[in-house]
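First the structure, in the form of structure tokens, and then the observations on it.
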Amino acid sequence: MKGMIFDLKHYAVHDGPGIRTTVFLKGCPLHCRWCQNPEGISPEHELMLMPNRCARCGDCVRVCKYQALAQKEDGEVVVDRSRCVFCGDCEAVCQREAIGLVGREVTVEDILAEVEKDRLFFDQSGGGVTLTGGEPLFQPELAEALIDQLSRAGIKVALDTSGYAPEKTFLRLAQKSDLVLFDLKMMDGDQHRKFTGVSNRLILKNLKVLDEIGQAVWIRFPLIPGVNDRRENLKAMADFLLKLKSVKMINVLPYHRGGVGKFHRLNQDDQFGIFEPPSQAMIDSVINYFRGRGLVVKQGG
Ligand code: SF4
Ligand code: SF4
């Protein structure tokens, strides 16, 4: 079983309980305007150029057999993405790590070998592995094989999902996991479509079904000023969540601009937005509102 990941982080402490290894599966059906990991949206390889590291030596341009790279008069490297075949030659030749491919084809065994290095930390901290993305259910075969193998190895698995996946697949993989980290962004269907590209109907339905089977859920709420911070949205969320019995906690995740540089490097600025990060006063006010409604809330994951 093979699949595509775009990152694997050891010692993560914000992606579920304890110390974790977080595996980032590539590909996502949503297109959130505030995405922090835009390199996780396309299920394919991508070419990333980091102009701030580039020495403008031109080695990558000379090595590219497909004329996908060129240099302007001032030496700036420009990419013609329609010509790139992701051979990786430019990455291999660049001394400054200024150009490279995003996305690595891996087997389940490759990932397990990485995860095993952290087993001691899992045992001591109550941690485990978190599958995230992108959207891990966008590669359901890889996600399921990983969950099965990790469970067999006695390692706890958290599934971090947007909930936007066919119900059968979603439920099967969620049930096999030890914990579901469920992203809930906003309740208004039109606004959800406007900011993420998809309706939230399937997401809310999947969350309800998940609750019916009693799976433990942490809600992940990305707080983005001007998008989902209004009282109307917070109230609708609290009303919805208070009807569920399996939600253990809400993680309020304040927006930050960590993804913005990546939009530039992927040449996708037009597809994303730049928002104002919330002040601590706003974060506290949101947390206090949810707490006032009787929900367990924590800032961060
Ligand atoms: S090889 Fe690297 S440093 Fe040289 S021009 Fe290409 S990206 Fe820039
Ligand atoms: S990955 Fe290959 S085809 Fe694409 S720009 Fe680099 S050298 Fe050219």
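Here the structure is a predicted model, which means the values were calculated and not measured. One is the number of the first residue; the rest follow in order along the sequence. Remember, it's 1-based here, ligands and their atoms both numbered in the order they're listed.
- Between the side chains of Ser162 and Glu135, at least one donor-acceptor pair of N or O atoms lies under 3.5 Å.
- Proximity annotation for atom 2 (Fe) of ligand 2: of Cys87, Ala68, Cys94, Cys87 comes nearest, heavy atoms only.
- Looking from atom 4 (Fe) of ligand 2 to the surrounding protein, the closest heavy atom is Cys84 SG, 2.4 Å.
- Among Lys26, Arg81, Arg265, the one residue that satisfies the side-chain contact (heavy atoms from CB on, under 4.5 Å) test with Glu46 is Lys26.
- Using a 4.0 Å cut-off between heavy atoms, Arg53 makes no contact with ligand 1 at all.
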Does His45 form a side-chain hydrogen bond (donor to acceptor under 3.5 Å, both in side chains) with Glu105? I'd like the steps, not just the answer. CA-CA 9 Å; His45 278 119; Glu105 265 202 81; 5.8 Å; no
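- Backbone or side-chain N, O or S atoms of Cys60 do not reach atom 2 (Fe) of ligand 1 at under 2.8 Å.
- Checked for salt-bridge contact, Lys208 and Asp211 miss the test: no charged N lies under 4.0 Å from a carboxylate O.
- Ligand-side atoms of ligand 1 in range of Ala55: 3 (S), 8 (Fe), range being under 4.0 angstrom from any heavy atom.
- Within a 6.0 Å radius of CZ in Arg172, more than 12 heavy atoms belonging to other residues, nucleotides or ligands are found.
- In terms of protein heavy-atom proximity, atom 8 (Fe) of ligand 2 is closest to Cys64 SG, 2.4 Å.
- A donor-acceptor pair shorter than 3.5 Å cannot be found between the side chains of Gln139 and Glu144.
- Taking only non-hydrogen atoms, the option from Leu101, Asp89, Val93, Val85 nearest to atom 3 (S) of ligand 2 is Val85.
- Atoms of ligand 1 found under 4.0 Å from any heavy atom of Gly58 (numbered from 1 in listed order, with element): 4 (Fe), 5 (S).
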